[in-house]
Structures are given as structure tokens and as C-alpha cells.
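Here is the structure we will look at.
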Amino acid sequence: LGPTITVGEILVEIMATTIGAGFLEPQPLTGPYPSGAPAIFIDQVAQMGGSAGIIASVGNDDFGRLNIERLERDGADISAISIIADKPTGSAFVRYRPDGARDFVFNIAHSAAGDVRMTEAAHALVARAGHLHIMGSAFAIPGVADILENAIKTVKRRGGSVSFDPNIRKELVDAGRGRKLVDDILAVTDLLLPSGEELLIAADSADEATAVAKLLDGGVSEIVLKRGRDGSSFFGRDGARVDSPAFTVEEVDPTGAGDCFGATYLTCRRAGMEPERALLLANAAGARNVTRRGPMEGVSSLADLEAFIASSTTESI
Ligand code: ATP
């Protein structure tokens, strides 16, 4: 029907190299790496051979060029990326805690990343899109909610579909405005891709089974729950369920796993694969991504994933 598109932040990521190190004193860092959840997502769709585009902005600088060159090389449509002359490309600094948690210092609001513009090329991309992927993180950017509202209408009018990776925190949703936003997006979502607690927050339910039932009753057609090292689960209409164990890998950098997972699942489903096969390939994409330093360094083609699956073992559920 048309490309998979998304809207949101393009960043470079610069990361600590030592677990436990803070940013309060000088230390060895590594980067810049191309990043931004929507950019990782669209790059992975393109790697899988899907047609993919992004509405976003970068500055007229090396960090912007790094991202554009990567996305273009990997086959993504870069026509709707604006180059903003007087703002730098957005950035994120990441450090890792000993328990596996991450802390980010983001520079989005005052950078090109926080200045997403609907250019003529962006309108043209939306007009030919067959699928819109919505990332919760993008709502922090002024104007993105309106861009998405219009894109949803256009894509749905053409018979296209919508996926939603909520990427939400409970405090933000409880603050009021967030709840309505999430409910409005859920009302048009075909595929929901929550991770962990996001499922319960999205459904405003206390347990997984109630949350799944409520969301499916509310009109979502499929839910794919990301469970990190515990793999993932698919929930569909009429009680359909598939659980898929994670692959056993050594995690080097967790950032981007969820985006590679979601992009792979979506692209496989859009290509007509059954949920079980799509889930297996998505688990492989998430696992493969965490073995590489840099959020977009571990993106995978279908051939990469098939080779990875053939040579790997999975955790039992
Ligand atoms: P992020 O926000 O870091 O991009 P997420 O929270 O959205 O990630 P996760 O559940 O962490 O999503 O990861 C997505 C999928 O990637 C998991 O369902 C799993 O299949 C795979 N995965 C992630 N981490 C690991 C790991 N350490 N080992 C094996 N597979 C993993």
C-alpha cells in the first residue's frame, strides 16, 4: 500500500565506556553514533527490505550528515528530513548503571531534533504512506501531536494501518494530559508494541490478562509485549497467543533493542508472515542489536536474522 513512516527525533548518541561511571568527571566516551528511537526504527524497516521514511530534522553539521548518510545508505527515504541551518543536531549522552539501568542527558528541545517541520516533501511522504508508526517519545516535541493527528487521518483514509510504541512513564500519564493522548492514540492503533509495565499503564489495568483483554476489546487488533531477556508475547483476537523465548546473547548495549524488535515484527507482518514467525525474527533482531555498541549498529537484514537464528540458542520460557 505504501511505505512505513514515522515522525520524531534524530540524534547522535555518545556513551560512557565504563559501567558505573557518571558524567561528573571526565572519562572516556565513545560515539557519535546515529540514534533517536524513530530513526532506529525506520533504519531497521529499511534493512529488512521494507519501504520506510521519517519526518524529522537535523542541523547543518557533521552529526546531521552522519545520520542522513546512514539512513540513506540503508535504504530509508530521507526526503522528509529537514536540515535546519541555525540549530545543531540533537544529541543524547548515555551512562550505564551496574544494575543495567541507563541515564540519558538529552539535547532535544533546543536542537534541530525538537523542530520537526511539515515540508512539502513531508506532506508527500504522508500522502503515499501505507503504515504510520507512532513513538510515544516523539510527543515531547512541540507540534508533533498535530502532525501525527493529520498523518493518522491520511493513512487511515487510504486504508493504511497504525502501530504505537507507547514508551510512556506512569507519572506522565497520571499527570492528566498524557492519559487522554494515550487513549486517543489507542483508539486508532492496530498494532500495540509495549514493553514491560507500559502494557498496564496503557490499559490502566493492574494485571497483564485484564490489560490485554481491555485493549483488544477497545479495538487494538494485536498486541506484542516486549519482555527484554524474557522474550516476547503476541496477543490477538479470539484468545490467540504466542510466547517466544529470547535468544541467549551477551548484552553490550541495550539501547535500540525495542525499536529493532518492533520494526522487524511490523515489517514481517506487513509482508504477510504469521505472528509466530514474525515474533521469532523480531526476538532475533532485538537480541542481535544488544550485542553491538551503538543503538543503530546492530540493525539486521532478513539474511542476518536467519543466520543468527540458525547459529543461536533460546532461553526456555
Ligand atoms: P529499548 O527501550 O531499550 O529499545 P524496550 O524496552 O522497548 O527496549 P526490550 O524488551 O528491552 O524493549 O527489547 C526488545 C526485545 O529485544 C525483547 O523482547 C527481546 O526479544 C530482545 N532483547 C532485548 N534485550 C535482550 C537480551 N539482553 N538478550 C536477548 N534478547 C534481548
Side-chain angles (χ1 to χ4, degrees), residues 6 8-9 11 13 15 19 33-45 48 92 94-97 99-104 106 133-138 140 163-170 191-202 208 222-235 241-268 275-300 304-305 308-309 311-317:
T6 193
E9 71 280 10
L11 309 172
E13 190 165 312
M15 56 192 59
I19 290 174
Y33 290 105
S35 188
I40 301 164
F41 184 93
I42 237 56
D43 198 71
Q44 175 60 21
V45 174
M48 290 291 292
V94 191
R95 74 174 193 115
Y96 305 92
R97 292 178 184 239
D99 67 359
R102 285 162 287 171
D103 293 311
F104 290 88
F106 285 113
H133 180 66
I134 300 176
M135 315 220 71
S137 59
S163 52
F164 179 32
D165 184 338
N167 208 343
I168 35 173
R169 294 211 316 272
K170 193 166 182 347
L191 166 63
L192 181 67
L193 289 155
S195 74
E197 209 204 356
E198 289 169 6
L199 172 71
L200 307 183
I201 302 171
E208 191 175 300
E222 42 191 273
I223 301 169
V224 175
L225 181 60
K226 296 171 272 179
R227 302 183 193 269
R229 288 171 201 272
D230 295 323
S232 55
S233 301
F234 156 88
F235 303 93
R241 172 173 184 158
V242 179
D243 293 304
S244 194
F247 288 90
T248 310
V249 291
E250 193 188 331
E251 184 177 290
V252 174
D253 178 5
T255 310
D259 305 314
C260 287
F261 174 98
T264 302
Y265 183 83
L266 174 75
T267 308
C268 291
E276 191 165 355
R277 172 106 183 116
L279 214 52
L280 176 75
L281 288 161
N283 274 344
R288 216 173 156 266
N289 185 260
V290 304
T291 63
R292 309 285 160 89
R293 195 188 291 276
M296 222 191 260
E297 305 314 298
V299 290
S300 310
D304 292 333
L305 296 178
F308 174 83
I309 291 167
S311 65
S312 301
T313 51
T314 51
E315 313 274 359
S316 52
I317 282 190

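First listed ligand is number 1; within each ligand, the first listed atom is number 1. Quick note: residue numbers are just sequence positions, from 1.
- For P254, a nitrogen or oxygen atom sits less than 3.5 Å from a nitrogen or oxygen atom of ligand 1, counting backbone and side chain alike.
- Each of D243, V224, I223 was compared with F234 under the side-chain contact (heavy atoms from CB on, under 4.5 Å) criterion, and only V224 meets it.
- Side chains of K226 and D165 form a contact here, defined as non-hydrogen atoms less than 4.5 Å apart.
- What sits closest to atom 15 (C) of ligand 1 on the protein, heavy atoms only, is F261 CD1, 3.6 Å.
- Residue, atom and distance of the protein heavy atom nearest to atom 20 (O) of ligand 1 are N283 OD1, 2.7 Å.
- For atom 6 (O) of ligand 1, the closest non-hydrogen atom on the protein side is S195 OG, 3.1 Å.
- Within the set A284, G228, A285, the minimum heavy-atom distance to atom 19 (C) of ligand 1 is found for G228.
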Does the side chain to side chain contact (heavy atoms under 4.5 Å, CB included) test come out yes or no for N289 and F261, once each step is laid out?
CA-CA 9 Å; N289 185 260; F261 174 98; over 6 Å; no
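- Under the 3.5 Å distance criterion, the side-chain polar atoms of N283 are matched with a main-chain donor or acceptor of P245.
- Using a 4.0 Å cut-off between heavy atoms, K226 contacts ligand 1 through both its backbone and its side chain.
- With respect to atom 16 (O) of ligand 1, the closest heavy atom belonging to the protein is G286 CA, 3.2 Å.
- For the atom pair S233 OG and R241 CZ, the distance stands at 5.0 Å (nearest 0.5 Å).
- The atoms of ligand 1 that sit less than 4.0 Å from any heavy atom of R229 are 26 (C), 27 (N).
- Looking from atom 2 (O) of ligand 1 to the surrounding protein, the closest heavy atom is R102 NH2, 4.3 Å.
- At a threshold of 4.5 Å between non-hydrogen side-chain atoms, the residues E9 and P38 count as touching.
- Close approach of ligand 1 to E251 is summarised as follows: ligand atoms under 4.0 Å from at least one heavy atom of the residue are 24 (N), 26 (C), 27 (N).
- Ranking the protein heavy atoms by distance from atom 29 (C) of ligand 1 puts F247 O, 3.1 Å first.
- Listed by atom number, the atoms of ligand 1 under 4.0 Å from R227 heavy atoms are 10 (O), 18 (O).
- When non-hydrogen atoms are compared, ligand 1 lies under 4.0 Å from the side chain of V249 (C-beta onward) but not from its backbone.
- Each of the following atoms of ligand 1 lies closer than 4.0 Å to a heavy atom of A257: 4 (O), 13 (O), 14 (C), 16 (O), 23 (C).
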Could you walk me through whether R293 and D253 satisfy the salt bridge (charged side-chain N to carboxylate O under 4.0 Å, His left out) test, starting with their C-alpha distance in whole Å, then the side-chain angles of each, then the deciding distance to 0.1 Å, before giving a yes or no?
CA-CA 5 Å; R293 195 188 291 276; D253 178 5; over 6 Å; no
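- Side-chain contact between R277 and L281 is present, with at least one heavy-atom pair separated by less than 4.5 Å.
- Residue A287 touches ligand 1 through backbone and side chain together, judged by heavy-atom distances below 4.0 Å.
- Neither the backbone nor the side chain of R288 has a heavy atom within less than 4.0 Å of ligand 1.
- For the pair G231 and ligand 1, the shortest N or O to N or O distance falls below 3.5 Å.
- Side-chain contact between F308 and S300 is absent, with no heavy atoms from C-beta onward closer than 4.5 Å.
- Here the straight-line distance linking atom OG1 of T264 with atom CG of L305 works out to 5.5 Å at 0.5 Å rounding.
- Side-chain contact between P194 and F164: absent, with no pair of heavy atoms (C-beta onward) separated by less than 4.5 Å.
- In terms of N/O distances under 3.5 Å, ligand 1 is not approached by S232.
- Side-chain contact between P34 and E297 is present, with at least one heavy-atom pair separated by less than 4.5 Å.
- Closest heavy-atom approach to atom 14 (C) of ligand 1 among the candidates S244, G258, S137: G258.
- Residue-ligand proximity, G256 to ligand 1, at heavy-atom distances under 4.0 Å covers atoms 4 (O).
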